[in-house]
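Taking it in order: structure first as structure tokens, then the write-up.
Letters go in sequence order (proteins before strands), and every chain restarts at 1.
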Amino acid sequence: MIALADCNNFYASCERVFNPKLKNKPVVVLSNNDGCIIARSNEAKKLGIRMGEPAFKAKDIIEKNDVYVFSTNFALYGDMSNRVMSIIGNMVPSFEVYSIDEAFLNFSGISNYTDICSKIMKVVNKSTGIPISIGLAKTKTLAKVANHIAKKHTKENIFVLDNSSKVLSVLKRFPISEIWGIGRSRLKMLNFYGVKTAYDFIKLDERWVKQNMTIEGLRMHKELKGELCYLVQYSSQNKKSICTSRTFSRDIDNIEDLEQAISNHAMRCSEKLRKQKSSARYIGVFINTNRFKNQSQYLSSHRSILLDTATNDSIEIIKASIRLLRSIYQKNYYYKKSGVIVGDIIPENEVQINLFNQFADHPQRSDLFRKIDLINKTMGRDTIRVLSQGHPRNWKLKQENLSPCYTTRWDDLLRISS
DNA sequence: TCTGGGGTCCTAGGACCC
DNA sequence: TCTGGGGTCCTAGGACCC
């Protein structure tokens, strides 16, 4: 069995822990710049305040009903999350932290899972003040369904989907829109073909699902029928890309302010990189205009580069980010959002080098491999990894199209190795 | 010179999640 | 007036290889 443990109304619940007078009162938490509503207590949900709604649209409801409003405090939520997760971790053999407020628990080979889950709910609530719900089933996707029911249709906030007839009767009433992995676009497509419930969906032919919804749709299909596709991953994985972005509280129309923001974002990205002991080989910068202001002028620009050598050095990342920003900056637009992405992340102590095709018949090539071997032997295995090797036929053509950052690679390597 | 099947690598962008 | 931030996975298509 797999369980999904999910904190109820997490951010709103966190605020409540430190402010007892909020008990049984409507509470909402707002996003950056107090823009959107991103968490609601049950009382706030009952008032008809919608998830993701702009705060100004809900202003009337908020004022009339004395709703308590908070700006986000991510330091607090992160800290509370760690506490909840470590309690859960102490009570189950293996589990996966799926998001700030959710964890999948692995109960394979364990029969008293409901007892353990009830106990987890009690202990977490008693020692952190955060209420949680747990759904149990054979697969992650079904555990999500069970969790949904636990939250909305049970008093105890726990629900077990343990036999196939129970699963079928639940799926017959479960709207397809609520299934994990069905978003706006897939919902529209499925509705077009008359699929309204999860049961309608599992009755579809697997080949049709694969063809129309790719491999992800097929996995969803199988998981809903009880076939395991997503395993509980108990070891925490490093991020594969890291992004820092913000919406400005006002429109920006000059490059100085943008440079300032991009520098900060780049700094935060490098900090996150170093924290997970990684380096990035790819840097991207994007800026968007205000998409609500003038739709015909909406502009979204993104530029990126691959670096010669992976880095997590703040100065290098900032410099590259500013260069990218300058290459995409355009006047006459009012920028509203900016961000930096670092990607192709590799462990800190490794250097990755792409041997591009223009070097394939380089007379020093065999020499190079000898040097790489030598470096790896003295510095440790995989200090330098050769990612791809090209063919001489490609040489001339490639060379013309290469961006400057590639062409130095050969010299850099020779310098490193000599 | 023309032809095809079976690959790899890379990028851009869609769709989804919390 | 005011509309979030941070991720993952997958596919298509170009350009190239044998």
Side-chain angles (χ1 to χ4, degrees), chain A residues 4 6-7 9-11 29-39 50-59 62 71-72 74 77-78 81 97-103 140-141 144 147 177-189 210-220 229-230 233 237-251 265 268-269 272 281-282 284 286 288 290-293 295 298 300 302-306 336-345 354-358 360 387-398 401-403 406:
Chain A
L4 175 66
D6 187 331
C7 302
N9 316 323
F10 185 54
Y11 299 164
V29 178
L30 305 180
S31 63
N32 179 42
N33 297 327
D34 292 346
C36 287
I37 288 159
I38 57 168
R50 292 197 312 270
M51 182 65 178
E53 191 174 21
F56 70 88
K57 281 192 183 169
K59 203 177 151 203
I62 288 173
S71 301
T72 42
F74 278 107
Y77 311 149
S81 173
V97 178
Y98 175 69
S99 73
I100 193 163
D101 68 336
E102 283 170 90
K140 280 188 174 179
T141 310
K144 276 269 185 186
N147 187 280
S177 57
E178 301 295 328
I179 291 292
W180 189 41
I182 301 292
R184 205 194 315 180
S185 159
R186 288 177 190 154
L187 177 66
K188 202 172 157 191
M189 190 273 288
K210 168 102 195 272
Q211 202 166 10
N212 290 280
M213 300 174 70
T214 80
I215 188 77
E216 303 235 52
L218 187 59
R219 285 180 187 146
M220 226 181 283
C229 296
Y230 302 111
Q233 308 210 306
Q237 314 263 320
N238 273 351
K239 299 266 178 280
K240 292 170 181 169
S241 68
I242 288 169
C243 170
T244 304
S245 69
R246 289 286 180 284
T247 302
F248 292 99
S249 51
R250 59 183 175 86
D251 290 340
H265 297 338
R268 285 284 302 128
C269 275
K272 292 184 204 172
R281 217 167 59 89
Y282 158 111
F286 64 87
N288 296 343
N290 186 348
R291 67 187 201 279
F292 296 101
K293 201 160 197 175
Q295 294 286 348
Y298 176 58
S300 171
H302 180 201
R303 292 274 190 290
S304 58
I305 47 162
L306 275 167
K336 196 67 179 175
K337 182 167 178 174
S338 63
V340 173
I341 297 166
V342 292
D344 270 10
I345 291 173
N354 264 6
L355 271 184
F356 278 82
N357 295 330
Q358 75 269 32
L387 287 186
S388 64
Q389 303 171 35
H391 193 273
R393 284 194 196 197
N394 221 355
W395 187 18
K396 277 179 188 157
L397 220 166
K398 270 281 181 183
N401 299 331
L402 277 173
S403 68
Y406 292 137

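By the side-chain hydrogen bond (donor to acceptor under 3.5 Å, both in side chains) test, A/K336 pairs with no residue at all, sequence neighbours left out. Scored by the side-chain contact (heavy atoms from CB on, under 4.5 Å) test, A/N288 finds A/F286, A/Y298, A/S300, A/K337 as partners (sequence neighbours excluded). With sequence neighbours excluded, the residues that form a ring-ring contact (aromatic ring centres under 6.0 Å, His included) with A/Y77 are A/Y11, A/F74. Under the ring-ring contact (aromatic ring centres under 6.0 Å, His included) criterion, A/Y98 pairs with A/F104, A/W180, sequence neighbours left out.
Residue-environment remark: CD (A/E178) exceeds the threshold of 12 foreign heavy atoms within 6.0 Å.
Between A/M213 and A/M189 there is a side-chain heavy-atom pair separated by less than 4.5 Å.
B/dG4 and C/dC16 have their C1' atoms separated by 16 Å, with the value rounded to a whole Å.
Once rounded to the nearest 0.5 Å, the distance linking OG of A/S81 with CG of A/D101 reads 7.5 Å.
Nearest heavy atom pair, residue A/S71 against residue A/D34, reads OG-OD1, 2.8 Å.
Using a 4.0 Å heavy-atom cutoff across all strands shown, A/L30 reaches no nucleic acid atom at all. If you check every strand for non-hydrogen atoms under 4.0 Å, A/D101 touches sugar and phosphate atoms only.
In this structure, the nucleotide among B/dC16, B/dC18, C/dT3 sitting nearest to the side chain of A/K336 is C/dT3.
We find that NE2 of A/H302 is positioned 8 Å from P of B/dA12, with the value rounded to whole Å. In this structure, the CD1 atom of A/I100 is 14 Å from the C1' atom of B/dC17, given to the nearest Å. Going from atom OH of A/Y230 over to atom P of B/dC16 covers 13 Å, rounded to whole Å.
Where DNA chain C pairs in unbroken runs of 3 or more (Watson-Crick or G-U, both distances under 3.5 Å), the stems are B:5-18 with C:5-18.
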- Task: Scan nucleotides 4-10 of chain C nucleotide by nucleotide, 5' to 3', and note B when protein non-hydrogen atoms come under 4.0 Å of the base, S if they reach only the sugar-phosphate, - if neither.
- Result: SSSSSSS

